[in-house]
Enquirer: 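Submitted below is the structure of interest, expressed as structure tokens.
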Amino acid sequence: MTLVAKIFNVLGWRRSMKPKTPAAALLEWYDVHRRALPWRAPAGGRADPYRVWLSEIMLQQTTVAAVGPYFEKFTTRWPHVAALAGARDEEILAAWAGLGYYARARNLVACARRLAADGFPESEEGWRALPGVGPYTAAAVAAIAYDLPATVVDSNVERVVARLMAIETPLPAAKPEIRAAAARLSPRERPGDYAQAMMDLGATICTPASPACGRCPLAPFCVARARGIAAGLPRRAPRLARPERVGAVFVARRKDGAALVRTRPARGLLGGMSEFPGSDWSDAPVGVEAAPLKLDWRAVGPVRHVFTHFALTLDVFVAEAPGTAKPPPRARWVAADALAREALPSLMRKVARLAGL
DNA sequence: GACACGTGGCG
DNA sequence: TCGCCAAGTGT
């Protein structure tokens, strides 16, 4: 907000400058309430495309709070794209461990190497062609890092627009309608600030459960608010029940502290991540017959973990292995002090903790 | 369009 | 306790 505008504001003359469009009202609100985030440029400053890209990948389906420490870790260790492109795949997967959706990390590596080799695209279309960059991320980077007038649509924007226009079609069927409305709303001026303003509004005011309409700069324009249906929008198709799966996992330890670990197949669930050997996960319980080595296994309890599309209960077994034990195919002994550098997903960290590692 | 793909916080 | 949800993408 300009100094003049601030003075007018303080003097209570704001009503006389009431914005004529939602975009103008939103930008005025953003100038006062914008959140300071690690990947964001200071007001009026220029954002670093590398940091914008990295943050957008991390933020896919992930909260700002969860991303914070990971973004800090990545940018400290790999301050620019050349550094990231030069890192080993396993290093990056290990640094990503715990953030989830590990295909993002695999695509991040591939994308970093393309960016380092070919340079950063300066168009939305150019970004869209990169691995791990879909319609949302391409538009977000174009708008935020290059100030190009792209239509940015994430779930915040979907929610804000569905309410603003009182779109009652359930998601995902409503996506085309919402996108079209979002495109009409997007201003030609300050596209980067506008995109971030929509997301800040969705995160702090126009929240899913109980929106703070009383503090919303778009309230005068909001059809859903006028009709008293804001909190119920956007509608969504009902979710299907989450299936249950069970399995067993085995933590073998040598006297010197080393533990038996293997790497999961490169693609699919937890692809490329490390794990303790175990059974498949299905609907039938299994016992120690699924163990990778014949040892005196001791049950230490179940671990419960909920994935997006199924819930898992894993029976955890531990045993001491002789120093001479040969690792089974695809498995390896990992020294106790090297375990922290393994790409162990949260599920396997729960297992490690229960096993006393 | 539908489904696979993680994790943690919140009401 | 448990379902909902988060700055989506790839197949």
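Throughout, protein chains are lettered first and strands after them, A, B, ... in sequence-line order, and every chain is numbered starting at 1.
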Enquirer: Can you pull the contact range of chain A along DNA chain B, 5' to 3', using atoms under 4.0 angstrom from its heavy atoms?
Expert: dA4(B) to dG8(B)
Enquirer: Does anything in residues 338-357 of chain A reach DNA chain B, meaning a heavy atom under 4.0 Å, and if so which residues?
Expert: P345(A), S346(A), L347(A)
Enquirer: List the residues meeting side chain to side chain contact (heavy atoms under 4.5 Å, CB included) with A182(A), not counting sequence neighbours, and say none if there are none.
Expert: T151(A), V153(A), V157(A), V161(A)
Enquirer: Please list, chain by chain and in numerical order, all residues satisfying ring pair (Phe, Tyr, Trp, His ring centres under 6.0 Å) with W281(A), sequence neighbours excluded.
Expert: none
Enquirer: Taking any atom closer than 4.0 angstrom to a non-hydrogen atom of chain A, what span of DNA chain C does the protein reach, first nucleotide to last?
Expert: dC4(C) to dG10(C)
Enquirer: For A87(A), enumerate each residue passing the side chain to side chain contact (heavy atoms under 4.5 Å, CB included) test, keeping only those at least two apart in sequence or located in another chain.
Expert: W78(A), E91(A), I92(A)
Enquirer: L240(A) near the nucleic acid: base, sugar-phosphate alone, or nothing, with a heavy-atom cut-off under 4.0 Å?
Expert: nothing
Enquirer: How are the rings of Y50(A) and W53(A) set to each other: parallel, tilted or perpendicular (split at 30° and 60°)?
Expert: tilted
Enquirer: Listed in order of residue number, which residues of residues 45-79 of chain A have a non-hydrogen atom at under 4.0 Å from DNA chain B?
Expert: Q61(A), T62(A)
Enquirer: Keeping to residues at least two apart or across chains, list the ring pair (Phe, Tyr, Trp, His ring centres under 6.0 Å) pairs with something in residues 316-357 of chain A.
Expert: F250(A)-F317(A)
Enquirer: What's R40(A) touching, base or sugar-phosphate or nothing? Going by heavy atoms closer than 4.0 Å.
Expert: base
Enquirer: May I ask you to list the residues of residues 96-120 of chain A, by number, that have any heavy atom positioned under 4.0 Å from an atom of DNA chain B?
Expert: G98(A), L99(A), G100(A), Y101(A), Y102(A)
Enquirer: Using the side chain to side chain contact (heavy atoms under 4.5 Å, CB included) criterion, which residues pair with T263(A)? Sequence neighbours excluded.
Expert: R332(A)
Enquirer: Should V303(A) and T313(A) count as side-chain neighbours, where that means a heavy-atom distance under 4.5 Å?
Expert: no
Enquirer: Kindly state which residues belonging to residues 128-154 of chain A come within less than 4.0 angstrom of DNA chain C, counting heavy atoms of the residue only, listed by number.
Expert: P131(A), G132(A), V133(A), G134(A), P135(A), Y136(A), T137(A), D154(A)
Enquirer: Quick one, F221(A) and L26(A) - any side-chain contact, counting heavy atoms below 4.5 Å?
Expert: no
Enquirer: Taking DNA chain C as the partner, which of residues 183-210 of chain A come within under 4.0 angstrom of it by heavy atom?
Expert: M199(A), P208(A)
Enquirer: Does a side-chain N-to-carboxylate-O contact under 4.0 Å join E158(A) and K175(A)?
Expert: yes
